[in-house]
There are 2 protein chains.
Amino acid sequence: MAQAVRHDSMRARNLALVLGEVSRNGPVTRAALAEITGLTKTTVSKLVGDLLESGMVTESPPPADADRSRGRPGVAVRLRGDRVAALGLEINVDYLSVCVMDLTRTVRLRRTQAVDNRDSSSTDVVRNLRDLALQAVDEAAAAGLSVAGAALAVPGPVDPAQGLVHSAPNLGWGDVRPADLLDLPFPVLVDNEANLAALGELWFGSGMPDFLYVSGEIGIGAGLVFGGALFRGTRGFAGELGHVVVDPGGPDCRCGGRGCLERYAGQDALLDAAPDGLLDGLIRRLTAGDTRARAACEQAGRALGTALTSAVHLLDPGTIILGGIFAPLFPWLRGPAAEALRHIRHVVPNFAVAEAGPDAAVLGGAGQVIQQVIADPAGHMPRATAGLQT
Amino acid sequence: MAQAVRHDSMRARNLALVLGEVSRNGPVTRAALAEITGLTKTTVSKLVGDLLESGMVTESPPPADADRSRGRPGVAVRLRGDRVAALGLEINVDYLSVCVMDLTRTVRLRRTQAVDNRDSSSTDVVRNLRDLALQAVDEAAAAGLSVAGAALAVPGPVDPAQGLVHSAPNLGWGDVRPADLLDLPFPVLVDNEANLAALGELWFGSGMPDFLYVSGEIGIGAGLVFGGALFRGTRGFAGELGHVVVDPGGPDCRCGGRGCLERYAGQDALLDAAPDGLLDGLIRRLTAGDTRARAACEQAGRALGTALTSAVHLLDPGTIILGGIFAPLFPWLRGPAAEALRHIRHVVPNFAVAEAGPDAAVLGGAGQVIQQVIADPAGHMPRATAGLQT
DNA sequence: AGTATTTAGTCCACAACGTAGACTAAATCA
DNA sequence: TGATTTAGTCTACGTTGTGGACTAAATACT
C-alpha cells in the first residue's frame, strides 16, 4: 500500500514531476514548466535549481524556438547528457551485448561480442559479461559519466522482483541469479528479453504508449506495454506467447504442452524451410517465390494469427508490433496472420513491424534504468540525504 | 502522468492512508495507526479527527481486544457504517439487481427483479433499473445513509473510462451509455459483469489478491485481479476468455471467429445435455451418472483447460477461480481442465471455486465504489473544499 | 530614441502540513 | 499509594508550496 507523504517525499515527487516533463517535452522554460505542472513559478524555480545543482539538467542560453515574440525570453532547461548514465546488458544464445546510455537516452557506447553461450556454464557466461560491463563503465567514467544502474536482458522467464532467472532453456540455465554473479557496484535489474525489447520499441521505435511487442527469437515471447509501462503478471511470467495453444491436437512442445505457437512459428520451424538454416537464406527463397518457404511462412503466419487472436481477447493491446525474426519476415507473415485476426468482434488492433531493430532489448534495458532515474531524481542525486546526523 | 503534490493533496493522501488501514485492520487505536503508517501520533490524531467529523469512522469506547495489559488503553477507531453507502447495480439477461452497501462493506439492502430483458429496448431496461435504484436510494436515506456513487454491471465488453457498453449481444444492445440514461444524482461507474464479479470475489470470496476469475454465464468472461486491482487492457476489453481459440478448425462462433471456448463450454453448449435446458437438470443427470451429460462436461472441461493454458501463459495469474455456472459444475470440470493445465512449465496456478456466489457482480460493483471512497476520503467528505472564495 | 507592454524569473511574507518532544490521562504493577 | 507504562494532546518548529510584489529583458508603439 501507498506510503505516508511527508514533506521530503512531496519534494521528491515534484522533483520527479518537473524532471519528467523536461524529459518529455525537450527544452522547456521554467514558465512553461509551471504551466504544465500546475506548480507556481517560484516552486518550479526552486526545483529546477536543485536539478541544475545535481547535474541532471542544464540551461540552454538560446531559448531554442522563437514562436512567441513579445516579452523577456526564457532560458530553456533540458536534460544534461554528460553526467548520469545507465548500462544495458544482454545475454543471448550466440552473443553478449552492452550499451551505455545517457540521461537523454542517447547511446554513448555500444558493443556486442559473438560467443556461443549454449555450451558454457552460466557462471562463465556471466563472467564474460562482467568483463564487458566493467570495461564499458570505465570508458563511460573516462567521458565523465557515472553509471546509476544496469538492466540485463535474458531469454527466458524471469522474476524481476527477485532477479531470478527461472529457466532459460535455450541457454541451458536452471534457476540463476545473474545480478549476484555480476557483482557490479550499482543495482542490476534482470528481466526477460521480450519485456525489455518491448520497452526498447517504446522509446526507440514507433513510440506508441500501448502495444503488444512480439519477439520472434529462438523462442517466442511478448511484452505488453500498457500506458508506457510493462504488464508483468503475478510472478513476472506474463507474455509467454510462444506457449499459447494454437491446436490442442498439435505436436508436442518442449514445454510439456501440445500445439504451442512456438512449434509453428518459432525460429526452428521457420528456418527449417531455409537451405542453410539461416534467416538470409529463407528470405532469398521467399523473394524467389520458393513454394516450400512460402508455405512455411503461411503456416507460421496463420498460427501467429490464431495465437494473437487469443492474446487480443485476453490482453486487449492497442497495437501488435512484430519484432525479432518476424520483422524481416513481416511481408510474408502479415497476410495470413491478419486474416485470422480479422474476425475479432471489437476494434481490431493495428499490426506493425518493430522499428527498434535487433538492439531493442539492450536499449530497452538501459532506457528502463534511465526511466527509473527520471522517475526518482531525489534518490539518485549526489548528496540527496547525505549529512552527518546522529 | 502524476499530478503535482501540494499541501492539500498531501493531506488527502495521508487521510486515505489512515482510512485504508482502518479498513484493512478493523478497529485500531491511533497509536497503532501511527506505528503502521509511519506518521507521528500527532498527525494521526489530527487526521482521525477529520475522519470522525466527516462521519467516515467512529470510536469504539471499548478497546475491543486486550492482548496487552499495561498502560492506558487506547480508543479504537473503526469504519462507521451508518452514513456513507454505495449502490451496486446489475443488468443481466433475465434479471435486474440492486444492492446498497455501507462503508464497512455490509449489505444493507438487496433486491432482484426477474424480467426477461432480451425483448426490451435498452431504454426500457434502464428505466426499470432506474426505478429500482431510486427506491433503494430512498430506503437508504430513510436509514440515514447517503449514497456516494454506484457501479453497474453489464454482460458484455464495456469501456469503463467512457461508460460505453460496446455491445451486449445477449441483451441485443449496440453502443449504449447506460449511465446517461440512468441519470442518477451521483457518479455511476459502468463495467463488465465478469470484471465486477471478480472484484466481488476479491472482497466477498476467498480474499486472495491475485487471481483470474472466470465467469461462466451465457457468455464466458474473465476478470483479472492483480494486486487487488483489475487489469482492464487498453480499451477495457481485456479478459474475453470466451473467445480464446481452442481449436482453429472448430465450429464458427457468433464473434466471427472459429473454435472459441464459448462454443465448447458456454452455457448453451453445456445445457444442451440437460433434459430441460436448465442447470439443475444437468446436475441431476451428472450425479446420476448420465453418459451424455458427463461427456459434455468433459469436453467443456478440456476446452476450458486449453483456453486457460493460453491465459496462464499470457496473463500469469496467481490463481484461477471458477464462478457463475462453472461453480456448481466444478466437480465435473476440474479433472479434465486440470489435466490440460498440468503441462505448464512454470508454477501451475491453483484452481478453485468461487465463493462469492451469484451476487458477485452487484456486490463487487458496490464494493468498488466503497473502495473508491476509502481511497479518496477527502473527495467524498461533506465540506471538504467548501468555502467561499473569490 | 524613448516609453509602454509583455513575459521570465526571483524575492519575501505567509499558510499548510507534518514533526519532535513535553505534557496530561488512564490503566497495571508493586 | 506511588512507580511504570502506554495513549493521546498540545506547542514550538521545520519544510515545502503559494501569491503577489518586484526586477529583468525582450518587443511594440509613438
Side-chain angles (χ1 to χ4, degrees), chain A residues 2-18 27-53 57 59-77 378 384-385 387 389-390, chain B residues 2-18 27-53 57 59-77 378 384-385 387 389-390:
Chain A
Q3 273 300 301
V5 184
R6 261 77 71 83
H7 288 115
D8 50 336
S9 57
M10 177 159 83
R11 191 107 238 250
R13 281 185 66 108
N14 284 339
L15 224 35
L17 184 68
V18 167
V28 217
T29 63
R30 288 165 234 252
L33 282 169
E35 183 113 7
I36 297 167
T37 60
L39 295 162
T40 58
K41 289 188 294 174
T42 311
T43 307
V44 170
S45 270
K46 279 193 261 183
L47 293 168
V48 167
D50 284 7
L51 291 171
L52 280 169
E53 202 181 345
V57 300
E59 296 185 328
S60 311
D65 60 337
D67 56 299
R68 64 167 152 37
S69 45
R70 273 207 277 284
R72 167 179 170 181
V75 262
V77 175
T385 23
Q389 294 232 299
T390 319
Chain B
Q3 272 301 301
V5 184
R6 261 80 70 87
H7 289 119
D8 51 335
S9 58
M10 176 159 87
R11 190 106 235 256
R13 281 185 67 105
N14 285 340
L15 223 35
L17 184 69
V18 168
V28 217
T29 64
R30 289 164 232 254
L33 283 169
E35 183 114 5
I36 297 168
T37 60
L39 295 163
T40 57
K41 289 187 295 175
T42 312
T43 307
V44 169
S45 269
K46 278 193 261 184
L47 294 168
V48 167
D50 285 8
L51 290 172
L52 279 169
E53 202 181 344
V57 299
E59 297 185 326
S60 310
D65 60 338
D67 56 302
R68 64 163 152 42
S69 44
R70 272 206 278 288
R72 167 180 170 179
V75 260
V77 175
T385 22
Q389 293 231 296
T390 319

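Keep in mind that this is a model prediction, so the values were computed, not measured. Every chain is numbered from 1, with letters handed out A, B, ... down the list of sequences.
Atom CZ of A:Arg70 and atom P of C:dA8 are 12 Å apart (whole Å). Rounded to an integer number of Å, the gap from A:Asp50 CG to C:dT10 P is 13 Å. Between A:Glu35 atom CD and C:dT7 atom P there is a gap of 11 Å when expressed in whole angstrom units. Atom pair B:Lys41:NZ and D:dC10:C1' shows a separation of 12 Å (rounding to whole Å applied). As rounded to whole Å, 13 Å separates atom C1' of C:dG9 from atom CG of A:Leu33. C:dC17 atom P lies 17 Å from atom CZ of A:Arg6, rounded to whole Å. Between B:Leu17 atom CG and C:dG18 atom C1' the separation is 13 Å, expressed in whole Å. A straight line from CG of A:Leu15 to P of D:dT15 spans 16 Å, rounded to a whole angstrom.
At a cut-off of 3.5 angstrom, counting only N and O atoms as typed in the model, there is a donor on one side and an acceptor on the other between the side-chain of B:Thr42 and the base of D:dC10.
Considering only the side chain of A:Arg72, D:dA25 comes nearest among D:dA25, C:dC29, D:dT18. Among C:dT10, C:dG18, D:dT16, the nucleotide with an atom closest to any side-chain atom of A:Arg11 is D:dT16. Candidate nucleotides C:dA27, D:dG17, D:dT27 were compared by shortest atom distance to the side chain of B:Pro73, and C:dA27 ranks first. Among the nucleotides D:dA26, D:dT16, C:dC29, the one closest to any side-chain atom of A:Met10 is D:dT16. For B:Thr40, counting side-chain heavy atoms from C-beta on, the closest listed nucleotide (C:dG9, C:dA20, D:dG8) is C:dA20.
Contact annotation: the side chain of B:Val57 approaches that of B:Leu52 to within less than 4.5 Å [non-hydrogen atoms, C-beta and beyond]. Taking 4.5 Å as the limit, every side-chain heavy atom of A:Val5 sits out of range of all side-chain heavy atoms of B:Arg11.
For A:His7 and A:Ala32, each mapped to the nucleotide of DNA chain C holding its nearest heavy atom, the one lying further toward the 5' end belongs to A:Ala32. Looking at which nucleotide of DNA chain D each of A:Lys46 and B:Ser45 is closest to, the 5′-most match is held by B:Ser45.
In this structure, A:Gln3 and B:Arg13 approach most closely via the heavy-atom pair O-NH2, 4.5 Å.
Checked by atom type and distance alone, the side chain of A:Thr37 pairs as donor or acceptor with a backbone atom of A:Leu33 at under 3.5 Å.
OP1 or OP2 of C:dT19 sits under 4.0 Å from a side-chain N or O of B:Thr43. For C:dG18, one of the phosphate oxygens OP1 or OP2 lies less than 4.0 angstrom from a side-chain nitrogen or oxygen of B:Asn14.
Taken to the nearest 0.5 Å, the OG1 atom of A:Thr43 stands 9.0 Å off from the CZ atom of B:Arg6.
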